[in-house]
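Beneath this line is the structure, given in structure tokens, with notes to follow.
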Amino acid sequence: MPPTTPVKRKRGEGQWKLGHREPLNPNERTKKDDDGLNVRARIETIYAERGFDSIDPADLRGRMRWWGLYTQRRPGIEGGRTAVLEPEELDDRYFMLRVRIDGGALTTEQLRTLGEISQSYARDTADITDRQNIQYHWIEIESMPAIWKRLESVGLMTTEACGDTPRVILGSPVAGISAEELIDPRPAIDAIVERYVGNPAFSNLPRKFKSAISWQQDVAHEVNDISFIGVVHPEHGPGFDLWVGGGLSTNPRIAQRLGVWVPLEEVPDVWEGVVSIFRDYGYRRLRHRARLKFLVADWGVAKFRQVLEDEYLGRELIDGPAPEVPERPIDHVGVHKQKDGRNYIGVAPSSGRVSGTTLVQLADIVEAAGSRRVRLTPQQKIVVLDVPDRTVDRLVTELNKLGLPADPSPWRRSTMACTGIEFCKLAIVETKERAIRLVEDLEKRLADVSPDVPISIHLNGCPNSCARTQVADIGLKGQIVTTADGEQVEGFQVHLGGGLGLDAGFGRKLRGLKVTSAELGDYVERVVRNFVEQRTEGERFAQ
Ligand code: SF4
């Protein structure tokens, strides 16, 4: 008998539906060993009592995320050492805590509570993230029972704010008040949170699952795992267009339309169908391929829709049209009329950085102006709703005094930054304070320039792109760069000309286009002046 060539078996991707139930990597093992949702009981009864050193390492670096907790970076570790150190060497004894705020919607009572928690337990830190969360730092494990008690007393939570779970749902900051809106999508967001967040049926996904639901295109829907965006069907009327498989990080992908129209009341069921596909068919072997975008890319939208209809919904979806793309990005900054005649005021903290004290003071001045509602935005901004005409001017002045201008410079308005090396264990460079200083610098350097199109600048501390590197006009990805003198310093790889909306696509990563942090102001000034001088009429930066 001639020798036979052994048949090379294709390795599976760890998809549950295809029978791969045995964990294929340590993250999957941790999740199989115990549901991340169960860690809260241990925090409350053991870890908060006995302190940091009592925490099981699998909880510390894994399951605590299911309740919004990550250890923060130990201060003083340089970015060049991030990749070579063991996780325990990077861990501080303090935590970052994320509070999920679905749709970004807060009452002033909730806002004040968020501020007071920061003052009491988080050294007055508070950042508004580009997913409409509030993020604290310097949290001690001993404080968590009291923090949850305070949050839950006003209807807020940290449940599945991080981890391999359905994360916070992005929603329009002007949902329910905008004159353009034909359906208010908040009932769908509320129903999804009520039914599925903290539900063990969806607490072990292959990785995180990001959602966005809005009538308007103001929630970066192109880079979420699932998005529902408002559209009018010629026969059925207002409803939502379904997008799946977007995401950034090191393998960015723009979401794709399934070509279906979903009425408001069916949004939660369709959401459940898509997240179930992700849970059952999502790749679990390799962590970096475990996002929905890889499955969508491999299947294509036709197969994805078919599986959704046949295996999860048991019915056909209705074909639907694409929504019209707005001419400009929508950020809600400034004073605008609501449909009820009152006003909403969008203001710009620099790069989303505020403080507990600012949040408490904000709640006070908003209430004094006759409003009880604010919203956070996916652009790290704040919108105050329901302001009567008679108090608009006074409130704008007071907001300005608080460092929250309603008429910010174009640079402040369009700059975002991720957490960066100050607190993030994956970071290579500093971002938040650098972005704030860059904005101040650009306000002086470019005082004579007022572009009539927005030019977005997004600073990220590493390739993970939490502040959306690839879809900025000027996207900055932190890395160590070498100066002309051969010195290794903090700097950025530049991605130019990315965008969402009309210009949805990724910035060009020009070979060798890297700037040191010290050169950043010079570089951005040069790029902006070149654009403004050479621009043809109507041209946008990304064109
Ligand atoms: Fe951390 Fe990198 Fe995300 Fe910035 S982009 S918050 S450095 S993981």
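Because the structure is a prediction, the values reported are computed rather than measured. Atoms within a ligand are numbered from 1 in the order they appear, just like the ligands themselves.
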Do [X] and [Y] make a side-chain contact, defined as non-hydrogen atoms from C-beta onward lying under 4.5 Å apart?
X    : Y    : value
I77  : K425 : no
V197 : M157 : yes
V481 : V515 : no

Inset, instruction - With heavy atoms only and a cut-off of under 4.0 Å, state how S465 meets ligand 1: side chain, backbone, both or neither. - result: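 Within the 4.0 Å criterion, S465 contacts ligand 1 through backbone atoms alone.
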Inset, instruction - Give a yes/no answer: is there an N/O/S atom of C462 under 2.8 Å from atom 4 (Fe) of ligand 1? - result: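 No, C462 does not qualify, because none of its backbone or side-chain N, O or S atoms lies under 2.8 Å.
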Nearest-contact summary for [atom] - protein heavy atom, Å:
atom                    : result
atom 1 (Fe) of ligand 1 : C424 SG, 2.3 Å
atom 5 (S) of ligand 1  : C466 N, 3.4 Å
atom 4 (Fe) of ligand 1 : C418 SG, 2.3 Å

Inset, instruction - Test I455 against S414 for side-chain contact (heavy atoms from CB on, under 4.5 Å), laying out the working first. - result: CA-CA 6 Å; I455 300 175; S414 305; 5.9 Å; no
Legend entry - F95 and F52 aromatic ring geometry - parallel, tilted or perpendicular at 30°/60° bounds: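 Rings of F52 and F95: tilted, 30 to 60°.
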Legend entry - Atoms of ligand 1 close to G461 [distance to a heavy atom under 4.0 angstrom, numbered from 1]: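 Going through ligand 1 atom by atom, the ones under 4.0 Å from G461 are 4 (Fe), 7 (S).
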Inset, instruction - Could you tell me which atoms of ligand 1, counted from 1 in the order shown, lie closer than 4.0 angstrom to a heavy atom of N464? - result: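 Heavy-atom distances to N464 below 4.0 Å select 2 (Fe), 8 (S).
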Inset, instruction - Test the R123-Y94 pair against the cation-pi criterion, namely NZ or CZ under 6.0 angstrom from the six-membered ring centroid and within 45° of the ring axis. - result: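 Yes, R123 sits over the ring of Y94.
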